[in-house]
Amino acid sequence: MSSSGPATSGEVPTVLVKDRDGQDLLCFLEQLIPLDDKDYALLTPVDTPVCLFRLRDGDDPELIDSITSSEPILSVADVVLQEHDLTLVRSAVTLTVNGELDEPDPEDLEEEDVDDESETYELLVSFLVDEQEYGLYIPLDPFFVVARMEDGAALLVEGEEFDRVQPRIEAELEEQGLPE
């Protein structure tokens, strides 16, 4: 199940991308971009990506960008999401939520700027752990993953390699007239 070829029923092919720790994330293959005799894939997660924030009264929510999968906060998040028939998935690259999410009405959508890059997020659930409030937010901007295709497998592009190829991938997409 490392990748599937082009689907015949009009479905977008999926690829299982792995990070250096061996965690994986099932993604839709959006675009293949050849660079330096290698194929790079632009992917979007099949499940809904979520970000964990610490919430403080009167302050902007604080993004928690590194958390171990055994963290007690995630166990509480699991229980809260199960009440909504959702499952928290500890996958490569990002946390994701599996299950049927209600589509927000664009007119009812309250956008919050929750970090200094002015990305917008929608609050999925909030919960308390040791009297500290946390929230799982869904990014409203598209969430892309870059992988290098090798022998039919997708390997997550991280660190220096990401820094090197990311601007070139953006330039290639811009040249093709596709959104970055």
Peer 1: For the residue pair Pro49 and Pro139, what are the closest heavy atoms and their distance?
Peer 2: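 For Pro49 and Pro139, the tightest heavy-atom pair comes out as O-CD, 3.2 Å.
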Peer 1: Quick one: does Leu52's side chain get under 4.5 Å of Ile73's, heavy atoms only?
Peer 2: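 Contact flag for Leu52/Ile73 side chains = yes.
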Peer 1: Walk me through it: do Val50 and Thr94 pass the test side chain to side chain contact (heavy atoms under 4.5 Å, CB included)?
Peer 2: CA-CA 7 Å; Val50 292; Thr94 186; 5.8 Å; no
Peer 1: Could you work out, with side-chain hydrogen bond (donor to acceptor under 3.5 Å, both in side chains) as the rule, every residue matching Asp24, not counting sequence neighbours?
Peer 2: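 Result, side-chain hydrogen bond (donor to acceptor under 3.5 Å, both in side chains) vs Asp24: Lys18.
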Peer 1: Are Val80 and Leu95 co-members of a hydrophobic cluster defined by side-chain heavy atoms under 4.5 Å apart?
Peer 2: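 Same cluster: Leu95 reaches Val80 through Ile, Leu, Val, Met, Phe, Trp or Tyr contacts under 4.5 Å.
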Peer 1: Who are the salt bridge (charged side-chain N to carboxylate O under 4.0 Å, His left out) partners of Asp78, not counting sequence neighbours?
Peer 2: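 Listed in chain order: Arg90.
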Peer 1: Mind listing the side-chain donor-acceptor pairs of residues 126-134 below 3.5 Å, one per line with the distance, residues two or more places apart or on another chain?
Peer 2:
residue: Gln132; atom: NE2; partner: Leu55; partner atom: O; Å: 2.8

Peer 1: Grab the two heavy atoms, one from Ala92 and one from Leu25, that are nearest each other, plus how far apart they are.
Peer 2: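 Closest heavy-atom pair between Ala92 and Leu25: O-CD2, 3.6 Å.
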Peer 1: Check whether Asp19 reaches the backbone of Asp21 with its side chain - one donor and one acceptor, N or O, closer than 3.5 Å.
Peer 2: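 Yes; at least one donor-acceptor contact below 3.5 Å.
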Peer 1: Tell me the closest heavy-atom pair linking Val17 and Ala147, and the distance in Å.
Peer 2: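 Taking Val17 first and Ala147 second, the nearest heavy atoms are CG2-CB, 3.6 Å.
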Peer 1: Taking side-chain hydrogen bond (donor to acceptor under 3.5 Å, both in side chains) as the definition, give me every residue that meets it alongside Thr44, ordered by chain and number, with sequence neighbours left out.
Peer 2: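 Counting only residues at least two positions away or on another chain, Thr44 forms a side-chain hydrogen bond (donor to acceptor under 3.5 Å, both in side chains) with Glu30.
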Peer 1: Nearest 0.5 angstrom please: Leu42 CG to Leu29 CG, how far?
Peer 2: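 Those atoms lie 8.5 Å apart.
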Peer 1: Nearest 0.5 angstrom please: Phe28 CZ to Leu43 CG, how far?
Peer 2: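 Phe28 CZ to Leu43 CG: 11.0 Å, rounded to 0.5 Å.
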Peer 1: Are Leu16 and Val89 connected, step by step, through hydrophobic side chains (Ile, Leu, Val, Met, Phe, Trp, Tyr) whose heavy atoms are closer than 4.5 Å?
Peer 2: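 No, no single cluster joins them.
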Peer 1: Measure the shortest side-chain to side-chain distance between Thr87 and Val97 over non-hydrogen atoms and say whether it is less than 4.5 angstrom.
Peer 2: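 A side-chain contact under 4.5 Å is absent here.
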Peer 1: If I take atom CG from residue Asp39 and atom CG from residue Leu32, how far apart are they, to the nearest 0.5 angstrom?
Peer 2: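 Interatomic distance, Asp39 CG to Leu32 CG, rounded to 0.5 Å: 5.5 Å.
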Peer 1: Measuring from Leu124:CG to Leu136:CG, what's the distance to the nearest 0.5 Å?
Peer 2: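 With rounding to 0.5 Å, CG (Leu124) is 6.5 Å from CG (Leu136).
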Peer 1: Side-chain contact, heavy-atom cut-off 4.5 Å: Leu35 with Ile33?
Peer 2: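 A side-chain contact exists here, since the closest heavy-atom pair is under 4.5 Å.
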Peer 1: Do Leu155 and Phe144 land in one hydrophobic cluster if side-chain heavy atoms of ILVMFWY residues count as linked below 4.5 Å?
Peer 2: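 No: no chain of side-chain contacts under 4.5 Å links Leu155 to Phe144.
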Peer 1: Output the distance between atom CG (Leu26) and atom CG (Asn98), rounded to the nearest 0.5 Å.
Peer 2: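 So the gap between those two atoms works out to 10.0 Å.
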Peer 1: With a cut-off of 3.5 Å and sequence neighbours excluded, list every side-chain donor-acceptor pair involving residues 156-164.
Peer 2:
residue: Glu161; atom: OE1; partner: Arg148; partner atom: NH1; Å: 2.5
residue: Glu161; atom: OE2; partner: Tyr40; partner atom: OH; Å: 2.9
residue: Glu161; atom: OE2; partner: Arg148; partner atom: NH1; Å: 2.6

Peer 1: Do you know which two heavy atoms are closest between Ser91 and Gln23, and how far apart they sit?
Peer 2: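 It is O-OE1, 3.9 Å.
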Peer 1: Can His84 and Val125 be said to form a side chain to side chain contact (heavy atoms under 4.5 Å, CB included), step by step?
Peer 2: CA-CA 9 Å; His84 300 277; Val125 294; 3.8 Å; yes
Peer 1: Nearest heavy-atom pair of Pro45 and Phe143: which atoms, and what distance?
Peer 2: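 Pro45 and Phe143 have their closest heavy atoms at CD-O, 3.4 Å.
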Peer 1: Decide whether Leu88 and Leu101 are clustered together by the hydrophobic rule: side chain heavy atoms of Ile, Leu, Val, Met, Phe, Trp, Tyr closer than 4.5 Å, transitively.
Peer 2: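 Linked within one cluster.
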Peer 1: Can you establish whether the number of heavy atoms outside Glu100 located under 6.0 Å from its atom CD is more than 12?
Peer 2: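 Check fails, neighbour count at 12 or below.
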Peer 1: Can you tell me how far apart CG (Asp36) and CZ (Arg168) are? Round to the nearest 0.5 Å.
Peer 2: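 It comes to 4.0 Å.
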